[in-house]
Amino acid sequence: MKIERPRGTRDFLPDEMERRRAVERVMREIAESFGYREVSTPTFEHLELFTLKSGQGIVEEIYAFRDKSGRELALRPELTAPVMRMFVNECSVMPRPLRFYYLSNCFRYERPQKGRYREFWQFGVELIGSDRPESDAEVIMLAYRILKSLNVNFKLHVGHVGLLRDVLSDVSEKDRAMRLIDKKDWEGLRALLKEEGQADIFDTVIEISEASDVEKAREVYPDFDYSYLEVLFGILEEMDVRFVPDFGIARGLDYYTGVVFEMYAEGLGAQKQVCGGGSYRLSGLFGGEDVPSTGFAIGFDRVVQVCSVEILRKPKAVVVGFGDSIRAFRVAEMLRSAGIHAIVDVMGRNVKKQLSYADSIKADFAVFAGDELERGQVRIKNLRTQEQEDVSLKDLRGYFSGFLNSGS
Ligand code: HAM
């Protein structure tokens with residue numbers, strides 16, 4: 001019986017994994033260059049961690065289950081709540097601000113479609129301890145630099161949930177209203193506001209969502225303090241971060257309290273959001289002191305689909321043995337010490353079949369572990385140029401050095 005993989009999950013074959021690792025390397029290097037250090041949290045958490053802020057409604061959207069002792073658990077749907085739980089439990093006395101990054105798999109019980117999976121990966125950061133515009137500027141700049149370095153064609157939108165939350169201040173189901181705004185479900189929003197006797201603010205919400213700069217937003221809604229946004233926008237402009245002010249960003253998650261931002265990439269169709277983030281306060285809710293934080297998560301799988309990245313591969317040699325496997329293993333070890341990937345026949349094949357296998361796996365060299373070994377040499381055939389020469393075992397590193405570090 002053939003067993004299929006679960007819906008919304010994927011297998012990654014070696015070519016795909018090489019590409020994913022190359023993308024990952026760029027993300028890690030840039031985050032580390034900003035002073036961020038990697039953290040890792042459990043794949044599953046107490047369900048409560050995710051329902052505390054969002055309510056029981058979220059259970060429908062996540063993988064929640066009971067373990068054998070009846071504990072209510074959930075596979076993490078994201079990492080901001082887990083990282084803040086970790087912060088409260090383990091890091092509250094560390095010097096602030098804290099700069100953490102992660103690359104981890106997340107699980108959401110979604111309707112699978114292109115770019116939307118039930119298991120997917122997020123590369124994200126959390127900057128913990130500051131409520132100043134500089135901290136939002138830093139995380140936005142970091143996400144921006146990562147996507148630029150990966151040659152993603154994207155647009156950055158930056159807004160502030162405080163503005164819409166202010167407009168909705170008399171609406172009791174504010175989080176529900178924000179989720180409707182996030183989905184641009186205007187009919188749903190109209191109905192909710194009507195139900196709550198707040199139908200008159202519907203037009204203000206729409207006008208704010210459409211305001212293209214601070215001046216326009218101020219005209220529509222003067223009662224908000226725009227100074228924080230003005231400082232942030234000023235820094236971003238000076239630092240050459242191109243963005244569109246967007247006061248209609250509501251974000252699907254409930255914990256944001258201030259600046260919010262999203263990035264949308266070309267070439268992904270409906271699931272074009274490749275990054276989302278903003279500032280929030282969660283540590284108080286998890287039993288710690290109330291510490292302001294900001295962060296983002298990049299949809300790793302979506303970025304892998306649309307980015308271009310250089311994949312550095314080491315040259316690959318097939319060691320052609322002549323029935324003496326120990327000799328072939330020895331030569332392979334020497335090649336590996338010289339920085340080459342070396343592959344030995346384990347199928348008892350004859351020389352012709354070993355060479356045709358080398359061809360089929362696109363090896364760069366065939367290295368013959370033959371009688372030359374008695375003279376301290378191996379015969380090396382460059383499979384790209386078909387040139388062949390005898391190389392002293394002592395000179396292997398020198399021979400291959402010209403082929404190392406060349407991207408393919
Ligand atoms: P989020 O917007 O829910 O934010 O997710 C971040 C990114 O993950 C999205 O922009 C999208 O690219 C990707 N993503 C979400 N769901 C899926 C899926 N089903 N399949 C593939 N990719 C997906 C957060 O999770 C926040 N924790 C971000 C954050 C960090 N805010 C502050 N700090």
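In each ligand, atom 1 is the first atom listed, and ligand 1 is the first ligand listed. Values in this document were obtained by computation on a predicted structure and should not be read as measured data.
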Legend entry - With Ser337 via side-chain contact (heavy atoms from CB on, under 4.5 Å) - residues at least two apart: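 Partners of Ser337 under the side-chain contact (heavy atoms from CB on, under 4.5 Å) test: none.
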Legend entry - Contacts of Glu196 that satisfy side-chain contact (heavy atoms from CB on, under 4.5 Å) - sequence neighbours left out: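 Applying side-chain contact (heavy atoms from CB on, under 4.5 Å) to Glu196 gives Val171, Ser172, Glu173, Leu192, Gln198.
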Inset, instruction - Mark yes when over 12 heavy atoms from residues, nucleotides or ligands other than Arg242 sit less than 6.0 Å from its CZ; otherwise mark no. - result: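 Not more than 12 within 6.0 Å, no.
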Inset, instruction - Check each protein residue for a heavy atom under 4.0 Å from ligand 1 and list those that pass, ordered by chain and number. - result: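 Within 4.0 Å of ligand 1, protein side: Glu78, Thr80, Tyr102, Arg108, Glu110, Gly115, Arg116, Tyr117, Phe120, Gln122, Glu126, Arg251, Leu253, Tyr255, Tyr256, Gln273, Val274, Cys275, Gly276, Gly277, Gly278, Tyr280, Gly295, Phe296, Ala297, Gly299, Arg302.
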Side-chain donor-acceptor contacts of residues 266-280 below 3.5 Å, not counting sequence neighbours, with atom names and distances?
{"residue": "Gln271", "atom": "OE1", "partner": "Arg116", "partner atom": "NE", "Å": "3.3"}
{"residue": "Gln271", "atom": "OE1", "partner": "Arg116", "partner atom": "NH2", "Å": "2.9"}
{"residue": "Gln271", "atom": "OE1", "partner": "Arg302", "partner atom": "NH2", "Å": "3.4"}
{"residue": "Gln271", "atom": "NE2", "partner": "Gln113", "partner atom": "OE1", "Å": "3.1"}
{"residue": "Ser279", "atom": "OG", "partner": "Val259", "partner atom": "N", "Å": "3.2"}
{"residue": "Tyr280", "atom": "OH", "partner": "Glu126", "partner atom": "OE1", "Å": "2.7"}

Inset, instruction - Answer with yes or no whether the side chains of Asn382 and Glu387 bring together a donor and an acceptor at under 3.5 Å. - result: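 Note: Glu387 and Asn382 side chains miss the donor-acceptor criterion.
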Legend entry - Donor on one side chain, acceptor on other, Tyr264 and Glu262, under 3.5 Å: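 The criterion, which ignores hydrogens and geometry beyond distance, is satisfied for Glu262 and Tyr264.
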